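What follows is a single structure, written as structure tokens, with notes after it.
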Amino acid sequence: MANLLRYGFVRKQLSKQSSDHAENTRSPVRETVTDGQCATPSSSASGGDVSNNNEPSTKRKKSDDSLCSGSLTKDQKYDRLKRQRKFLEHWLEYDAETEAMFCKPCRDHPDVACKTSQLYKGTNHFKVDPLKTHEKTKEHISCMTRGPTRAREKTGPLEQVLANVTAKQHKSLTMLFNTAYGVLKSGRPFTDYEFVCSIQLKNNAELGENYLNRFACRRFLSSIAHVIRNRIKDDINSANFVSILGDGSTDAGILEQEIVYLRYVDPTECTPKTRQIDIVPLSTADSTGIFNALQTGLKTVDINFEDLKHQAESEKSTPKLVGVNFDGASVMMGQKSGVAKKITDIVPEAVVLHCVAHKLELAALDANKSAKYMVKFEDTIKGIFGFYHYSPKRRRELYEICAVLEEFGAHFSNVKQVRWLASKERAIKAIKQNLPAVAMHLQHSSDARAHGYYKEITSVMFLKHLYFMLDYLPLLATLSRAFQQENLLIMELPDHIECTTVALSALKTTPGKHMNMFCELYNPNTMKFGDVALSGRKPGPIDYTKDNDTLKIIDNTITYIGERFKNLKEEPLSLLQVMDFHKWPIYNEELGTFGNQEVHDLVHEKMKSCFTDADRECVNREWILLKMFIRPLRSNDLLDVYSGLLRMKNPALSHVLKLVELILAISPSTASCERGFSSMNNIKNHLRTQLTQESLSDQLHVVCEGPTLEDFNADTTIKHWLTSTSGSRHVHGHAKPQKNVENDQDAPDIIIDGIKK
């Protein structure tokens, strides 16, 4: 019995009928035993099973009768009949509801305790030996060294965890999360986190002893990405309309990836936002595989294509799908079985758009292919790129010539099929800048290809097209950059296209800056272009206004741009142009009736299911009020005016502003997808080809959608990390059990002021 009392464990039982004894054999607590009652014999004082009395009820009753017969000694009668048996308030605690005992210090310090221990979970196996074993464990000793146990408060799991984190520990966690976020936001690998932590420890930063390796950085990444996704998910669920953007590419691990974006109107800023929600590996690269990948991406924000249907009276709070935007690949835009066709079969009202930036690239390619010499011109540029790019020796020789001529050696860029305009503009600028050095190097090179390139780049035809392209390409590049803006509105497209076509038309009659430079440098009499000797036959003077080569390129470009963007003049896109208030009439008589039919067709026919009956009834009346509000603001930017009206939330315009939000949510370009793939290539490069898909998705989410390092607040992510993920948290460190110096013969002597203690 002494051993049981030492461990805070004593049993007490009532004398009841034999059925009660059999039913309560394993209960550690009984009612108080009073005088005159009979009690069953207790267990031995040794470390045996305390929950005894496993004999049949008949034998137990007989034993009880013998106890009442007066055969017990005085101490035995006291021990059996009057002694109060209970759990002592030491470290064991008994829960009467579950009839289980548990260790109080371990439960009060779950961050240190062994959560797999039965005494942590609670057990009804009342034995002394497990108590002895548990008392000697390092986890229990660590919990006991943290001071007296505190009264357990009925708080939630978050409050319980945060209550055990001191201010110093929270500061260390904040520094660790900020370090991890800075590494992840820059697209760096997890090993850089270890390197940065080692530098901070060298500078005596208090980071603690734990979570300083790359595995901790990966766990931090999961919580950071989860918090960012939740914020985007809340914004999307608050929006009325969304558009889906998708594009495909191959990563450094030779895996086909489909990146998924959603465009919606931000509920706070009331501006269009294009957010990356997921990147999904393709099981197959056909339309079915891509469609399934889009569905998988939508699940990260808890929606699917069925939820995006235009059910006007539905009680669901999910937004409605109003647009899909892909590149022009047949697998995406095919009329019979393309991905866009599969989506419109589910949501017929969704507007299908071919990315306008891709369209412009295709129009420029078509126009240049229609000119005979442009094919040879482009092949020459690509050939010169390969000639120098793959030979360090040739590049070194070229840069030496540039140094002699006191010129800067520009890097030769290749002409790519994707982003053709930007790559070609860089390539021809490099050739123009290095022309004297390149011509000298090719002329004296022993390579057979060099002589062919020399004759070509010193011909009048090549130089004329080179300088013409320097005037022609910037006009298209300006339009391309406008099409790549994230906040581009569908009704702004016609103005951008018209400005470019007008500038191209002017180029037909008036030579640009570089073409004037060509005319100044070209001397047909001496057959020289500046200091460069020309090759080939001696041509006559060049009349720019009668040059059929350049005129044909300009005419074809204007024609192909018109063909590619003719859908802007077709419904429903043509109806959306009514929202461009820069083109509204000035006078009241014309303004009062302007756009009434277009708005009616949008709300009652083309986009009917996007609006409720109340919206359709009120939108025509509110359309007139909207024109009155905007008339004094028509000199301002379209997005600024409409975003301001949405932020005002004027109840008099609540229904027509829903139409405004719909138009702002339609995305004309997939440039965000291209930027996402650029970030993917920085993250999963040739040194990280084995990066898991989960890590790639999480880090890409941080890079694309996370706040800047200065704006990052670690508190929310720390709370999520402490409470949501599996495994224990070692924010308190790993405390080692303290030795008892008094009983340790090997303990070193303590010397204080030169005196051995």
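This chain uses plain numbering: 1 for the first residue, then up along the sequence. No experiment lies behind these values; they were computed from the predicted model shown.
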Any side-chain heavy atom of [X] within less than 4.5 Å of one from [Y]?
{"X": "N682", "Y": "V703", "value": "no"}
{"X": "I346", "Y": "L321", "value": "no"}
{"X": "L255", "Y": "L696", "value": "no"}
{"X": "H170", "Y": "D715", "value": "yes"}
{"X": "S117", "Y": "H134", "value": "yes"}
{"X": "T716", "Y": "K719", "value": "no"}
{"X": "L207", "Y": "C197", "value": "yes"}
{"X": "D235", "Y": "K273", "value": "no"}

Heavy-atom closest contact ([X] atom, [Y] atom, distance):
{"X": "T689", "Y": "K684", "answer": "O-CE, 3.4 Å"}
{"X": "C106", "Y": "C143", "answer": "CA-SG, 3.8 Å"}
{"X": "D302", "Y": "D307", "answer": "O-OD2, 4.2 Å"}

Using the side chain to side chain contact (heavy atoms under 4.5 Å, CB included) rule, take Q257 and I259 through it: C-alpha gap first, then chi angles, then the decisive distance, then the call. CA-CA 6 Å; Q257 303 277 2; I259 197 166; over 6 Å; no
Under 3.5 Å donor-acceptor, [X] side chain and [Y] backbone:
{"X": "H701", "Y": "Q276", "value": "yes"}
{"X": "D278", "Y": "V280", "value": "no"}
{"X": "E705", "Y": "I277", "value": "no"}
{"X": "R107", "Y": "K121", "value": "yes"}
{"X": "T123", "Y": "L119", "value": "no"}

All side-chain hydrogen bond (donor to acceptor under 3.5 Å, both in side chains) counterparts of S186, not counting sequence neighbours: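 Result, side-chain hydrogen bond (donor to acceptor under 3.5 Å, both in side chains) vs S186: none returned.
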Set out, in order, the CA-CA distance, both residues' side-chain angles and the distance that settles side chain to side chain contact (heavy atoms under 4.5 Å, CB included) for L176 and L212, then state yes or no. CA-CA 8 Å; L176 290 173; L212 302 177; 3.7 Å; yes
Is the shortest distance from a Lys or Arg side-chain nitrogen in R218 or D698 to a carboxylate oxygen in the other one below 4.0 Å? yes
Can you list every ring-ring contact (aromatic ring centres under 6.0 Å, His included) pair that touches residues 178-197, not counting sequence neighbours?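 Matches after skipping sequence neighbours: Y181-F712.
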Looking at CD1 of I718 and CD1 of I224, how far apart are the two atoms once the value is rounded to the nearest 0.5 Å?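 I718 atom CD1 to I224 atom CD1 measures 9.5 Å (nearest 0.5 Å).
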Reported CZ-to-CD distance for the pair F215 and E194, which is rounded to 0.5 angstrom: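 It is 7.5 Å, given to the nearest 0.5 Å.
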Under the side-chain hydrogen bond (donor to acceptor under 3.5 Å, both in side chains) rule, what do R229 and S697 come out as? Steps first, then yes or no, please. CA-CA 11 Å; R229 283 194 182 97; S697 178; 3.0 Å; yes
Taking the six-membered ring for Trp, are W721 and Y211 parallel (under 30°), tilted (30 to 60°) or perpendicular (over 60°)?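 Because their plane-to-plane angle is over 60°, the rings of W721 and Y211 count as perpendicular.
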Can you classify the ring geometry of F291 versus F305 as parallel (below 30°), tilted (30 to 60°) or perpendicular (above 60°)?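 Ring orientation of F291 relative to F305: parallel.
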Give the C-alpha distance, both sets of side-chain angles, the deciding distance and a yes or no for side chain to side chain contact (heavy atoms under 4.5 Å, CB included) between L691 and D251. CA-CA 11 Å; L691 187 69; D251 62 19; over 6 Å; no
Start with the C-alpha gap between R275 and Y261, add the side-chain angles, then the distance that decides, and say whether side chain to side chain contact (heavy atoms under 4.5 Å, CB included) holds. CA-CA 5 Å; R275 292 286 180 258; Y261 277 76; 5.6 Å; no
